Student: 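Shown below is the structure under consideration.
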Amino acid sequence: MSRISWDEYFMSMAELASKRSTCLRRKVGAVIIKDNQILATGYNGAPKGLPNCCDLGECIRQKMNIPSGERHELCRAVHAENNAITQCAVNGVSCKGGTIYVTSSPCIMCLKQIINAGIKKIIALEIYPDKMSKEMLEMCNIEFIQYIR
């Protein structure tokens, strides 16, 4: 009997998490694991209790014609990576030394949190067009792998 690999297993979970996303532009999912155990999942959406872009029927960044990879502060969503790291914090679980599987490589804002959380490996399905994130990723001590099916 053949089984799927750990990478396929966890990336499938990140893709499943992305289906909960409330973003109108890009649906992203994330899974943080350590020792092949799931610590937390996340997807992009507004902070708890606040209306999501899909509820409002508009995306501020889309309305302002802001290209992907720019002006992250104008997004009303909390990104998937941020939500997964926050879930670890809320539940008192350290993600230090863990791996994060994401459907899209992290923006600069999320990469900074990943670095400070002590996550040591990022496995991403797609590459997000964020020049600063790419530059910082080359400077930090985090292994980056683009997941290829």
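On a predicted model such as this, the values are computed, not experimentally measured, just so you know. Position 1 is the first residue of the sequence, and the numbers go up from there.
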Student: For C23, is there any backbone N or O sitting under 3.5 Å from a side-chain donor or acceptor partner on K27?
Tutor: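 Indeed, once roles are kept as given, a pair shorter than 3.5 Å links the two residues.
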Student: What's the shortest heavy-atom distance between N83 and G42, and which atoms?
Tutor: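 Taking every non-hydrogen atom into account, CB-CA, 4.1 Å.
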Student: Can you tell me if S133 uses its side chain to pair, donor with acceptor, with the backbone of P106 under 3.5 Å?
Tutor: yes
Student: Between the main-chain N or O of V28 and the side-chain N or O of N44, is there a donor-acceptor pair closer than 3.5 Å?
Tutor: yes
Student: If we only count heavy atoms from C-beta on, is the I127 to F144 side-chain gap below 4.5 Å?
Tutor: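 Yes, side chains in contact.
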Student: Just by modelled atom types, is the Q113 backbone N or O under 3.5 Å from a matching donor or acceptor in the N82 side chain?
Tutor: no
Student: For C107 and H79, which heavy atoms make the closest approach, and how far apart are they?
Tutor: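 Residues C107 and H79, closest heavy atoms: SG-ND1, 3.4 Å.
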Student: Say you draw a straight line from CD1 of I142 to CE of M136; how long is it, rounded to the nearest 0.5 Å?
Tutor: 10.5 Å
Student: Can you see which heavy atom on A40 is nearest to which on A84, and at what distance?
Tutor: CB-O, 3.4 Å
Student: Sub-3.5 Å donor-acceptor pair from the side chain of R20 to the main-chain atoms of G45, do we have one?
Tutor: no
Student: Considering only heavy atoms from C-beta outward, does the side chain of I33 approach that of M13 to under 4.5 Å?
Tutor: no
Student: Which value, rounded to the nearest 0.5 Å, describes the distance between Y101 atom OH and I38 atom CD1?
Tutor: 10.5 Å
Student: Distance-only, no hydrogens or angles: does the N52 side chain make a donor-acceptor pair with backbone N or O of A46 under 3.5 Å?
Tutor: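 Judged by distance alone, yes, a pair lies under 3.5 Å.
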Student: Could you state the interatomic distance from CD1 (I123) to CD1 (I148), rounded to the nearest 0.5 Å?
Tutor: 11.5 Å
Student: Nearest 0.5 Å, please: how far is CG in D130 from CD in E70?
Tutor: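 Here the interatomic distance stands at 9.0 Å.
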Student: Are any of the side-chain heavy atoms of D55 and T22 separated by less than 4.5 Å?
Tutor: no
Student: When rounded to the nearest 0.5 angstrom, what is the spacing between CD1 in I85 and SG in C110?
Tutor: 7.0 Å
Student: Determine whether Y43 and K19 make a side-chain contact, defined as any pair of heavy atoms from C-beta on separated by less than 4.5 Å.
Tutor: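 No; the side chains remain at least 4.5 Å from each other.
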Student: Measure across S94 and L39 and return the closest heavy-atom pair with its distance rounded to 0.1 Å.
Tutor: O-CD1, 3.6 Å
Student: Over 60° means perpendicular and under 30° means parallel, so tell me whether W6 and F10 are parallel, tilted or perpendicular.
Tutor: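 The arrangement is parallel - the two ring planes meet at less than 30°.
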Student: Locate the shortest heavy-atom distance separating E81 from S104; write the atom from each residue and the value.
Tutor: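 For E81 and S104, the tightest heavy-atom pair comes out as OE2-O, 3.7 Å.
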Student: Once you round to the nearest 0.5 Å, how far does CD of E15 lie from CD of E8?
Tutor: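 Reported value, rounded in 0.5 Å steps: 9.5 Å.
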Student: Report yes or no: does R61 contribute a side-chain atom to a donor-acceptor pair with the main-chain N or O of R71 at less than 3.5 Å?
Tutor: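 Yes, R61 side chain to R71 backbone: donor-acceptor pair under 3.5 Å.
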Student: Are the side chains of E126 and R26 in contact, using a 4.5 Å heavy-atom criterion?
Tutor: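 The answer is yes; the side chains approach within 4.5 Å.
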Student: In terms of heavy-atom contacts, does CG of D35 have more than 12 from other residues, nucleotides or ligands at under 6.0 Å?
Tutor: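 Counting neighbours around CG of D35, 12 or fewer heavy atoms of other residues, nucleotides or ligands fall under 6.0 Å, so no.
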Student: Hey, quick one: are Y9 and L16 part of the same hydrophobic cluster, counting side-chain heavy atoms closer than 4.5 Å, chains of contacts allowed?
Tutor: no
Student: Using atom types as modelled and distance alone, determine if a side-chain donor or acceptor of K34 lies under 3.5 Å from a backbone N or O of C95.
Tutor: no
Student: Answer yes or no: is there a donor N or O on one side and an acceptor on the other, between the side chain of D7 and the main chain of Y147, under 3.5 Å?
Tutor: no
Student: Look at the side-chain heavy atoms of Ile, Leu, Val, Met, Phe, Trp and Tyr, link any pair under 4.5 Å apart, and say whether V93 and I119 land in one connected group.
Tutor: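 Linked within one cluster.
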Student: Establish whether I108 and I66 are linked, either directly or via other cluster members, by ILVMFWY side-chain heavy-atom contacts under 4.5 Å.
Tutor: no
Student: Could you pull out the closest heavy-atom pair between C53 and C59, with the gap in Å?
Tutor: SG-CA, 4.3 Å
Student: Considering only heavy atoms from C-beta outward, does the side chain of I114 approach that of I122 to under 4.5 Å?
Tutor: yes
Student: I'd like to know if I4 and V31 are part of one continuous hydrophobic network [Ile/Leu/Val/Met/Phe/Trp/Tyr, side-chain heavy atoms within less than 4.5 Å].
Tutor: yes
Student: Do V78 and V102 share a hydrophobic cluster (ILVMFWY, side-chain heavy atoms under 4.5 Å, transitive)?
Tutor: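 Unlinked, V78 and V102 end up in two clusters.
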Student: Report yes or no: does S105 contribute a side-chain atom to a donor-acceptor pair with the main-chain N or O of Y128 at less than 3.5 Å?
Tutor: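 At least one qualifying donor-acceptor pair exists.
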Student: Can you find a pair of side-chain heavy atoms, one from L24 and one from C54, that are under 4.5 Å apart?
Tutor: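 The answer is yes; the side chains approach within 4.5 Å.
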